[in-house]
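Naming convention: chains lettered A, B, ... in sequence-line order (proteins, then strands); numbering from 1 in each chain. Quick caveat, the model's predicted, so the values are computed rather than measured.
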Amino acid sequence: MEDCSFRPSTDSLDDPPNSRLFLVISKSISEDVIRENFSVFGEIQDIWMVKDKQTKESKGVSFVKFAKSSQACAAMEEMHGKCLAEGTKPIKVFMAQSRSSGSHRDVEDEELTRIFIMIPKTFTEDDLKETFKEYGDIEYCIIIKNKTTGESKGLGYVRYHKPSQAATAIENCDKTFRAILAEPRTKNSGADNDYFSNARSDHVTGDTGMSGYPFADASNYTMGDGRSSDIITRCLMVSSRASITQEQVYGLFDLIPGMDYCEMQRDPYGFSKGQAMIRYNNLGSAVYAKEKLNGFEYPPGNRLVVAYIDDGEDRSSPVGKMAMQLVAAQMMSMVWNGPSGPQLMKTSAGFSAPSVPQMPRVQTDVVLPPLKKLAPSDSWVKERLFVVFNPAPLPVDVLEDVFCRFGSLVEVYLVPGRNVGYMKYAERKNANDAMAALHGKRSLTSARGPIRAILPPNRELSDMTFSMTGHRKDDAST
DNA sequence: CGACGGGACGC
DNA sequence: CGACGGGACGC
């Protein structure tokens, strides 16, 4: 694997951290003797004895660089206090301070024996112990909990007895634990912002919008609501506070097939009014678009308002309104969602939709597996797909629809303000299956541009890249 | 007490 | 082309 004995000792950086030892030894000890005694602990990448520039005489100080921190730690533990030759003083072995630190303070075991990890919220301290005892004797395990509710914050500490045990755990435990050495607790300055970090809500995209947003209550229409704005037409008006381009509106509403018109509204002076008109060629698409996109955060944090507008062509009598809604909703439900679309069920409550095989809400030339349930939200994420959208992200529910089909999808996360996101899976195999199925295939509804995704490892680079080409419903004929 | 050298490019 | 959000302890 990583023999690389030909590699010149170029690594002047202390990489990985804590892999270089600082030795205080008798001036009479040679480099060869050091090598003999230390190479039994692992791959030595470099030995450097500090010598007087003129006399070339050893100053009794050496550095030994190992490939791994665990090797350096084991050597330190075993060799500290040993005599390397008759009549010489016992050697001292410390972890070398990182070259950039500038400090020459001894690194204490205290700083090398406690690891800090991310764990599922369901993990108990006993689970922690069971998981991490294979790397060495554990002094204690602690899970960080909310002090008032006692609920786990998904973070923990494991204190080992020896630095080599902590290093081995960091090197060998599952990467999803993100194990690192814990900063010593005594130092208050580093992480004293507990109050801020603890106040974080789970919803990154603030929920502050609903209250105080003038259009907030214009969301889903309700049955029996007699407002005159509830006429059903093929024509929609979308309003946005944040500036939004015609491209973006087009991309968003074109996700629903049947759009035949989309235009930003401008005032008489040509300034955008933050509104756009969209017309579909059928009522069902318009109903579905309003249902799905009204209140949708786009860009994240900006709640779109979508309402029907009367284009003079699709007036419906108040009497027929409800029937129209039900028919349109049911139709779209069959086409897009299968019988169990959560939002549409609200509209057609009590109405038993015909049983239709699950059809994806997206159009692909890939045969997608059937819908699968999402994994529980507190599932441990073992793999993520990194997805790039162009020009704009697809709605989360559409992405869920596609990516859940390979199983164990935990969450779709879109990076706020960027055209990228992550599909998180509880099982690596499912993520790989999604890649295998979608790699190079034309799929997904029309973001009018390619969507590409890669499988990023949690740490390592990966060359597994695939692209999904946007597919417009209305170019099926071409 | 006991702390920082050597070497150097390929698209 | 395009890349992030979590993560710190009452001694």
**Rounded distance in Å - OH (A:Tyr422) to P (C:dG6)** = 12 Å

**Asked** Going by 5.5 Å between centroids and 30° between planes, is there a stack of A:Phe22 over B:dA3?
**Response** yes

**Fill in**
Tested for side-chain contact (heavy atoms from CB on, under 4.5 Å) against A:Tyr298, the lone hit among A:Leu414, A:Leu304, A:Val249 is A:Leu304

**Message:** Is it the case that the base of C:dG5 and the side chain of A:Lys424 share a donor-acceptor contact (distance under 3.5 Å, atom types as modelled)?
**Reply:** yes

**Request:** Would you indicate which nucleotide in C:dG6, C:dG10, B:dG5 comes nearest to any side-chain atom of A:Arg178?
**Result:** C:dG6

**Request:** Send over the distance from A:Glu111 CD to C:dA8 P, rounded to a whole Å.
**Result:** 20 Å

**Request:** Indicate the atoms forming the closest heavy-atom contact of A:Ala74 with A:Ser164, along with that distance.
**Result:** N-CB, 3.8 Å

**Message:** Is A:Arg384 close enough to C:dC4 that one of its side-chain N or O atoms is under 4.0 Å from OP1 or OP2 there?
**Reply:** no

**Message:** From the set B:dG5, C:dG10, C:dA8, return the single nucleotide nearest to any side-chain atom of A:Tyr157.
**Reply:** C:dA8

**Asked** Side-chain donor or acceptor of A:Arg20 under 3.5 Å from a matching atom on the base of B:dC4?
**Response** yes

**Asked** What nucleic acid atoms does A:Arg159 come within less than 4.0 Å of, heavy atoms only: base, sugar-phosphate, or nothing?
**Response** nothing

**Message:** When you measure from the side-chain N and O atoms of A:Tyr413 to the phosphate of C:dG5, is any distance below 4.0 Å, counting only OP1 and OP2?
**Reply:** yes

**Prompt:** Taking CG from A:Asn146 and C1' from C:dG10, how many angstroms apart are they, rounded to a whole number?
**Reply:** 14 Å

**Message:** As a test of reading the structure: which of B:dG2, C:dG10, B:dG5 is closest to the side chain of A:Phe94, going by heavy atoms?
**Reply:** B:dG2

**Request:** Measure up the A:Tyr422 and A:Tyr413 rings against each other and bin them: parallel (under 30°), tilted (30 to 60°), perpendicular (over 60°).
**Result:** parallel

**Message:** Rounded to whole Å, how long is the line connecting atom CD1 of A:Ile29 with atom P of B:dG2?
**Reply:** 15 Å

**Request:** Report yes or no: is there a donor-acceptor pair, N or O only, under 3.5 Å between the side chain of A:Arg418 and the base of C:dC4?
**Result:** no

**Fill in**
When every non-hydrogen atom of A:Tyr425 is compared with those of A:Ala434, the smallest separation belongs to OH-CB, 3.6 Å

**Fill in**
Within residues 49-63 of chain A, the residues having a heavy atom closer than 4.0 Å to DNA chain B are A:Val61, A:Phe63

**Asked** Is A:Trp48 stacked on the base of B:dG5, with ring centres under 5.5 Å apart and planes under 30° apart?
**Response** yes

**Asked** What heavy-atom pair brings A:Cys73 and A:Met95 nearest, and what distance separates the two atoms?
**Response** SG-CE, 3.8 Å

**Complete:** For A:Leu374, the side-chain contact (heavy atoms from CB on, under 4.5 Å) test, sequence neighbours excluded, returns A:Glu400, A:Cys404, A:Leu409

**Message:** In whole Å, I'd like the distance from the CG atom of A:Asp14 to the P atom of B:dG5.
**Reply:** 13 Å

**Heavy-atom donor-acceptor pair, A:Arg99 side-chain to B:dG5 base, under 3.5 Å** = yes

**Request:** For A:Lys89 and B:dG2, give me the distance from atom NZ to atom C1', rounded to whole Å.
**Result:** 10 Å

**Request:** Whole angstrom is fine here: how far is it from NZ in A:Lys147 over to P in C:dA8?
**Result:** 11 Å

**Which residue lies more 5' along DNA chain C, comparing A:Met118 with A:Ile142 via nearest heavy atoms** = A:Met118

**Prompt:** Starting at the 5' end of DNA chain B, which residue's closest nucleotide do you reach first, A:Ile47 or A:Val24?
**Reply:** A:Val24

**Prompt:** So, for A:Phe132 and A:Tyr160, which heavy atoms are closest and what is the spacing to 0.1 Å?
**Reply:** O-OH, 2.6 Å

**Complete:** Taken in chain and number order and not counting sequence neighbours, the residues that satisfy salt bridge (Lys or Arg N to Asp or Glu O under 4.0 Å) with A:Glu36 are none

